[in-house]
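Worksheet for the structure shown next.
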Number of protein chains: 2
Amino acid sequence: MALRLALLGFGNVGQAFARLLLEKRETLQRDYGLTWTVVGIATARHSIACDQAGLDLHRALLAARAGDSLAPFHQGPALSNSLAFIQACDADVLFELTPLNAESGQPAITHMQTGLRKGQHVITANKGPIAFAYRALRDLAKGQERALRFEGTLLDGAPVFSLVSQVLPASRVLGFRGIVNSTTNFILSRMEEGLSMTDALREAQSLGITEADTDYDVDGWDAAVKTAILINVLMGGDVTPSSIQRSGIRAITTRAVMDAVRIDRRFKLLAQATQQGSGVVGMVAPAMLPTTDPLAHLRGTSNALTLITDTMGELTIVESNPGLAQTAYALLSDLIYVAREHHPAGL
Amino acid sequence: MALRLALLGFGNVGQAFARLLLEKRETLQRDYGLTWTVVGIATARHSIACDQAGLDLHRALLAARAGDSLAPFHQGPALSNSLAFIQACDADVLFELTPLNAESGQPAITHMQTGLRKGQHVITANKGPIAFAYRALRDLAKGQERALRFEGTLLDGAPVFSLVSQVLPASRVLGFRGIVNSTTNFILSRMEEGLSMTDALREAQSLGITEADTDYDVDGWDAAVKTAILINVLMGGDVTPSSIQRSGIRAITTRAVMDAVRIDRRFKLLAQATQQGSGVVGMVAPAMLPTTDPLAHLRGTSNALTLITDTMGELTIVESNPGLAQTAYALLSDLIYVAREHHPAGL
C-alpha cells in the first residue's frame, strides 16, 4: 500500500526520521509492501512545502541542513500556518514533531486533533500532547478509527508501549520503576567521577543531551511528564504531570554522590508508580540505590524501565546510550504499525 | 472466535499453562474475543484423554496433581501413543510440551510436523525442535499457512522473539550477548558468596532450577542450544547447537570467582553471536565482566539478552527471577498471537 506522509516539524528529529525513511525505503517495500510519499513538510520558521505529487525528500533535507527555506518546493496557494498546512496537505499520516510545550502541550494537541478529525493517522515524538491530553486524543482516534502512536515520546524510542500492547497481551501493568531522564543520569554519572553539578550540566549541554530549558531536566519535570504518560497509557490512570510527587537532583552534592559510591550505592533519579486503592500514585525522586539493584548500574545517557506485571513478574528494558536515530526509528516503527493494522489489505 | 486446544505434555509447564488459561479466561474473552476448549491432554505416562465436547480442565488439573490417570476423561476408541493422539484430537492449536531431547529434538519434531501437516497451529516451550529443525518447521508452517510459535523456549518466556518480530519491524539483529542459563548464573552468584560449585549446584537442584541432567547446564549445552535458536531465528542463521563454540563453567573455582569480585569483576557464562562475513559465529564461554557491564549485575536465576540492532543500537531485556509462571505466560501470549493473526475475522 502507498501512504502519503506529512511532517509537521522538521528539526533534528524530523530530519533524522526523513533520513531513515530514505535508508529503509527498500526494506519497507520488500518486507511490508509499504511505499511512502512525503506530501508536506512544515518547519518551525513557517517555511511550508506541500506537493501532492510528492516532495523530493533528499533535496528537502539538503535545503534544511543548509538553513534554506522549503518554500520553493511548495505547490499551490500559500499556507500561513500549521493548521492551514494540516488542512491543505492531503496526507494519510500526520507526524507531529513540533517542540515540546511543557506547560500545556499546545499547540501540538490542536494539531493532532485537527489531523485526526480530518481522518489522518497521527504519530508523534512530542511528549506534551500525550502527557496533557492522552485520553481525549485516544478517544478521538478511536472514534475516527485512526491510529494514535507515540513510541518516540519516551526512553528515546525504546519500544515500551509496543512491548506492552503487542508483546504482553492479557497482562496488567501493576507498577513500574525506571530511569527515564538522560540528562540527570549523565550528570549523576559524571558527579561520581568528581565533577560539580554545574560542570557536569555544562558538559551535557555541550553534548546536546539537555532540553533547551535545563531546569526542566534538573528539577525532575521531564521525568514527571514521562511518569504521567506511563501511568496514563500503561496503567489506565488519569493523572497530569503536576500531580506527580516530584523532587529533582538540585540539592545533591558531588560529595554526597562520591560518598555513596564508597558504600556501594549510586544516586539515581528514579521514576516510580504503584497502584494504591483504585488509583495510581506516581513519584519522581532521587534514590540511593544499592549496587545489587540493576538500575544502579545504568550509566551515561542510558534509559531503563522495569515493568511490574501480573504475568511476567519484573521485566526490564534498557536502551543503551540512545540518540536521535532511536527516536527516528520509533517513528518508523509506528508507521509500520499503522500500515499493518489499518491497511492490511495492501499487505 | 473459539479455538480448540490439545496439550501434548502435561508436566509442570503444561499444568502451569492450564492454570493460567483458567485464570485468564474472562480476559481472553473480553479483550480478544477468544474462547477456548481443551479437547485433548496427553501425559508423559501415556495417559491420554480426548473429548471433542471439551475436557473439564479444572478436574484434569486435580487428577494430574493427585497422580491419577486422565484415562477416565477419555471419549472414543483408546489411543496408543502421541501420534495417534495428534491425529485423533481435532484441535486448532497443538501445544508441544514434552520433555527436551537435547541430542536430536525428537520425537517432538515429528509431533510438530504431524500437527502442522494436519492443519494445526503449533506452539511449543520445547527447545529441541527449534534448535534442531527450525528451518524445516518454519517452512512447513508457512506452506500450511499455520503459525509456529515458541516464545517459551528461551529466557523463561521473556518475549524476545515477539520483541524482534512485532516491536522492531524493519530492523536487523547484528548480534547479541546474554546470560541465558539460570542454573549457571545461580551457581556463579552463590560461589561469589564462598560456596563450592558442588554445594551451589546441590542448592540449585533442591530449588528445582536445574535440568534433570545437570551436566547439560554446567557444561554450557543449554546455553549453546539457546544460542543456536537465537542465531537461527533472529539472525537468519543456519547453525546447530554443536557448531557453537562452547566452554562451560566446570573449570572455574570459588577462589577465582571471589578474587574476581575483589577487582570489581564478575564471572558470567556468556552467550554471544556476531556476524562474520556472510555467516554468524556463536559462542558460549565464561567471561570475567567488569562491573561497568550491565550483564555483570544479573544475579540468581535472572536472564538477560542484549540485542545489537541496526535501528535501536543496543537494546537489553531482563527477566528477573523467572519461573514456571513466565513460561506458561509465553504459551498464552503465543495463543493470543495465533488468534489475532490467523483468525482476525473472529475478533
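Proteins come first, then strands; the chains are lettered A, B, ... in the order of their sequence lines, and each starts at number 1.
- Within the 4.5 angstrom heavy-atom criterion, only side-chain atoms of B:Ile336, from C-beta onward, approach chain A.
- Note on A:Ala328, A:Ser162, A:Ala170: by heavy-atom pairs under 4.5 Å with chain B, the leading option is A:Ala170.
- Annotation for B:Arg172: atom CZ does not count as buried by contact number, only 12 or fewer foreign heavy atoms lying within 6.0 Å.
- Closest approach of A:Gln166 to B:Arg340, counting heavy atoms only: O-NH1, 3.5 Å.
- The contact between A:Ser165 and chain B is made entirely by backbone atoms, counting heavy-atom distances below 4.5 Å.
- Of all non-hydrogen atoms in B:Pro159 and A:Leu168, the two that sit nearest each other are CG-CD2, 4.3 Å.
- Between A:Ser171 and B:Tyr329 there is a side-chain heavy-atom pair separated by less than 4.5 Å.
- Remark: B:Asn12 CG is loosely packed, at most 12 non-hydrogen atoms of other residues, nucleotides or ligands lying under 6.0 Å away.
- Interface residue B:Pro169: backbone and side-chain heavy atoms are both found under 4.5 Å from chain A.
- Contact record, A:Leu163 with B:Val167: N-CG2, 4.0 Å, taken as the closest heavy-atom pair.
- Looking at A:Pro294, there are no atoms closer than 4.5 Å to chain B (heavy atoms on both sides), in backbone or side chain.
- Taking the side-chain hydrogen bond (donor to acceptor under 3.5 Å, both in side chains) definition, one finds that A:Glu203 meets it with A:Arg190, sequence neighbours left out.
- Listed by sequence position, B:Asp310, B:Thr311, B:Met312, B:Gly313, B:Glu314, B:Leu315, B:Thr316, B:Ile317, B:Val318, B:Glu319 are the residues of residues 300-319 of chain B in contact with chain A, using a 4.5 angstrom heavy-atom cutoff.
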